[in-house]
K.L.:
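Quick one: the structure is below, questions incoming.
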2 protein chains.
Amino acid sequence: MASQPHDSSRHDNTLAVIRSLREHGPAARVDIGTRNGISSATVTSISADLLQQELITELPPDVSRPSGRGRPKTLIHLDTEAACVICVKLSINELQLVVGDFAGQVRHSEHHSVATLTLTPGDLTALLEEKIAAVCTTALANHRRLAGICLAIQGVVSSHSGTLIWSPALSFRNAPLSPPLAERFGCPVLLENDANCIASVLATQPAYAGYPNLVVIMLGYGIGMSVMIDGVPFVGANGSAAEFGHSKYQPGGALCACGKRGCIEAYASDYALYREAREVLDLPAGDSAHPSEQQMQALTQLAMQGDPEAQRIFAEAGRALGYGMANLLALFNPDLVLITGSGVRGYAAMQESMQTALDEALVSELIGPTRIVSCPWDRDMTCLGGIAIALQATDSQILSAS
Amino acid sequence: MASQPHDSSRHDNTLAVIRSLREHGPAARVDIGTRNGISSATVTSISADLLQQELITELPPDVSRPSGRGRPKTLIHLDTEAACVICVKLSINELQLVVGDFAGQVRHSEHHSVATLTLTPGDLTALLEEKIAAVCTTALANHRRLAGICLAIQGVVSSHSGTLIWSPALSFRNAPLSPPLAERFGCPVLLENDANCIASVLATQPAYAGYPNLVVIMLGYGIGMSVMIDGVPFVGANGSAAEFGHSKYQPGGALCACGKRGCIEAYASDYALYREAREVLDLPAGDSAHPSEQQMQALTQLAMQGDPEAQRIFAEAGRALGYGMANLLALFNPDLVLITGSGVRGYAAMQESMQTALDEALVSELIGPTRIVSCPWDRDMTCLGGIAIALQATDSQILSAS
DNA sequence: TGGATTTAATTTAGACCCTAAAATAAATGC
DNA sequence: GCATTTATTTTAGGGTCTAAATTAAATCCA
């Protein structure tokens, strides 16, 4: 009498073993069991399956490290070549491709300069197909399978449908990006907001673990945010939740890149800061609507060195951030707010007025125990997150496909 | 060789049967199986357990209704007397107690006028103990167990710790309310925000089912909100999430009951509307800081009848609501926003300016497909929700205690 | 009236998955 | 070389589910 498996415990436990190996590296069966709350007998059974599917291998005994009394542990680890994933990060005028193996390690990374704002949807799809195909032939030779692709894009995306809704890096809106790539490469293609990618990485870091309600704010050309609830990004109905940059500071206020007025982004983003500054300060020439890192550094320097006009501009940005933060705390009541992104370079010049504005706006009961801290910016983190997300999403498929 | 059950399927399926009976009423084993995706053999086994524990009973065959061909269904239903729960709703100058049986039906309801603002924490605990004890002796005679108590309170509460953080109905803050009652009555005592209670009811209504991201805004003396994500209220780190009323419309704007300036509540709540109106309009006398329903009806009437000053006041409130809604949509991107509470009486006078403000504040991509609709107000809904929440929370305990 | 038919509920047989305990494997210590 | 220690595998057994078979209790209809 055949029957469908009525519960998912084997499946869940198998995924737990894989993720445990990916997170902690090679381990003995007995330790995997302890770490995941399952018996070593079960780990034996699961690893036998995984060995047979060639998803894991046994490490040869390490003769250099003395093993102590008793039978030595036999470490198992993920077969790094069992599969790989690609993360493609699209930001203004730049395309980054990173290849990660089945164990989550970066195996290849490349950057391309692209005039993203001039692309049509067709151009973009063709470009992505070309670059991904190139990476596949050069960097994927040893991998048995391309398990998934993650497109990490600054802006608003609908992950569910794989549709780009709107990005500051692109001049078009509402275009399906995932479907053509999924068709072309025969694997799942995830579309993710870049802030969600970064937040996924930060949420697993020991320093920030143990905060089930984590908010990550990304300052930069625009202002992005990710709200992680129990380790999962909150995306809302169609993926456009957490648009902190377009929440309001001042009705009818400064003009935002979105076309509306009074958004937080219209006060505290790079372009907003530079727009204010260039009227009154002597700053490097260049496209002041899309200030470069050098331009922003020059402006930040001025504030740090005590220029009163520059300080006033950052203080006003901090005030807008503080009022935005008040809404964030009133509505999400997070444990921790991390402020990062390239714009953290100016955080010191905004922090005091931000805190003042927050205290002015919100009663202490609603500020509660929320901690607000900045976090150094690492531009490669987006792709690390994209790779982790792609692997998580495809583990289940890899399992059933073998 | 004994072993702990390694999975929770029996437990989960048993809960599913109980909740299915509570939601849909008496049903045959075969139908319960179909509805919950489990085999009727399993339902037979589970219902045998539940019959033995006297948590359900078999209905006698209904001779009046012809059963059609085949063996007639034997309906089982929850034993209504197996347990009961009490919901206590505390609002300004009023205390309501409702008793619900194990099937979720209301068995008793009573209201008391109480000068809530004059109570000390000790007074309140003593009052609650007295009223609950009285209800226990009169209304609970037939029930075998008091399974839980839900305190539904307007304001900010920490459900986890059972601590009141701040309520407009009380003049003190930061008081533990659940622990003394839990001790006194020997059952779990849940502390819930009133908006969460109402939203829990609305989220299960057929008209609003199928919206995994549901926001319920409660207009009234103050402004409350509940954000339901997949049927569960989002409470944040310490229970003070979803404080829409204290999110900001205008930095440095109108004075709010919380002591800060520019909150949405300071423009669109009953007290804010009345405060504006009494300066320029001829309105009923009374405590204009806590306007009565009659006073608010009089004001609303004026606006409906076309009084330009009254219309201006409601329009400005609608504008504040619209800007608050913009933040809500940008940050939560809900499928549906329901506007209810006693304040919906004036919604018609606010709706147009609210929509105008929303369109002015937020790009259409971020408004997305979110629907915003009002919903008639029923003041008894809070306690219905409280009873449903208390039963859900205690099912598991009832099971294991038998 | 009594068998055929229909549908519900229960029982049975079998499969899966897990764990504890026993057995086996592979080291070190002395 | 044997006792000890620790890891892994095997064995035995319990829980839970489902499909199929069986039993139960009606209606239909000749």
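Note on naming: letters A, B, ... go to the chains in the order of the sequence lines (proteins, then strands), and numbering restarts at 1 for each one. All values below were derived from every heavy atom in this structure, side-chain atoms included, with hydrogens, water molecules and symmetry-related copies excluded.
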K.L.:
Is a donor on one side and an acceptor on the other found under 3.5 Å between the side chain of B:Thr42 and the backbone of B:Ile38?
P.N.:
no

K.L.:
Roughly how many Å is it from CD1 in A:Ile56 to C1' in D:dT8, rounded to a whole number?
P.N.:
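It is 13 Å, rounded to the nearest whole Å.
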
K.L.:
Nucleotide by nucleotide, 5' to 3', does protein get under 4.0 Å of the base (B), only the sugar-phosphate (S), or neither (-) in nucleotides 3-11 of chain C, counting heavy atoms?
P.N.:
--BBBBSBB

K.L.:
To the nearest Å, how far apart are B:Asp49 CG and D:dG15 P?
P.N.:
12 Å

K.L.:
Just the rounded figure in Å: distance from P of D:dT9 to CD1 of A:Ile32.
P.N.:
11 Å

K.L.:
Check the phosphate of D:dT18 against B:Thr42, side-chain N and O only, distance under 4.0 Å to OP1 or OP2. Yes or no?
P.N.:
yes

K.L.:
Between C1' on D:dT18 and CG on A:Asp7, what's the gap in Å once rounded to a whole number?
P.N.:
12 Å

K.L.:
Please report, rounded to the nearest Å, how far the P atom of C:dC16 is from the CD1 atom of A:Ile46.
P.N.:
15 Å

K.L.:
Going by the rule side chain to side chain donor-acceptor pair (under 3.5 Å), which residues pair with B:Thr80 if we only count those two or more places apart in sequence or in a different chain?
P.N.:
none

K.L.:
Report the end-to-end axis angle of the helix from C:dT1-D:dA30 to C:dC30-D:dG1; each axis comes from five terminal pairs, and the value is rounded to 10°.
P.N.:
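Rounded value for the end-axis angle: 20°.
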
K.L.:
Which residues satisfy the salt bridge (charged side-chain N to carboxylate O under 4.0 Å, His left out) test with A:Asp335, sequence neighbours excluded?
P.N.:
none

K.L.:
Going through the distances and angles, do A:Leu59 and A:Ile76 end up as a side chain to side chain contact (heavy atoms under 4.5 Å, CB included)?
P.N.:
CA-CA 6 Å; A:Leu59 286 184; A:Ile76 55 179; over 6 Å; no

K.L.:
Could you tell me which residues satisfy salt bridge (charged side-chain N to carboxylate O under 4.0 Å, His left out) with B:Glu54, sequence neighbours excluded, listed by chain and number?
P.N.:
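Not a single residue meets the salt bridge (charged side-chain N to carboxylate O under 4.0 Å, His left out) criterion with B:Glu54.
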
K.L.:
Quick one: pull up SG in A:Cys187 and CD1 in A:Ile398 and give me the separation to the nearest 0.5 Å.
P.N.:
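Between atom SG of A:Cys187 and atom CD1 of A:Ile398 there are 10.5 Å.
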
K.L.:
So how far is it from B:Ile18 CD1 to B:Glu23 CD, rounded to the nearest 0.5 Å?
P.N.:
14.0 Å

K.L.:
Once salt bridge (charged side-chain N to carboxylate O under 4.0 Å, His left out) is applied, do any residues pair with B:Arg69, and if so which ones, sequence neighbours excluded?
P.N.:
none

K.L.:
Figure out the CG/P separation between B:Leu15 and D:dT16, and round it to whole Å.
P.N.:
14 Å

K.L.:
Take the protein atom CG of A:Leu51 and the nucleotide atom C1' of D:dT8, then report the distance between them rounded to whole Å.
P.N.:
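One finds 13 Å between C1' of D:dT8 and CG of A:Leu51, rounded.
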
K.L.:
Can you measure from CD1 (A:Ile149) to SG (A:Cys87) and round to the nearest 0.5 angstrom?
P.N.:
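Nearest 0.5 Å value for the CD1-SG distance: 10.5 Å.
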
K.L.:
Given D:dG15, is OP1 or OP2 found less than 4.0 Å from the side-chain N or O atoms of B:Arg10?
P.N.:
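No.
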
K.L.:
Using whole Å, what does the distance between atom C1' of nucleotide C:dT19 and atom CG of A:Asn13 come to?
P.N.:
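Value for this atom pair: 12 Å.
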
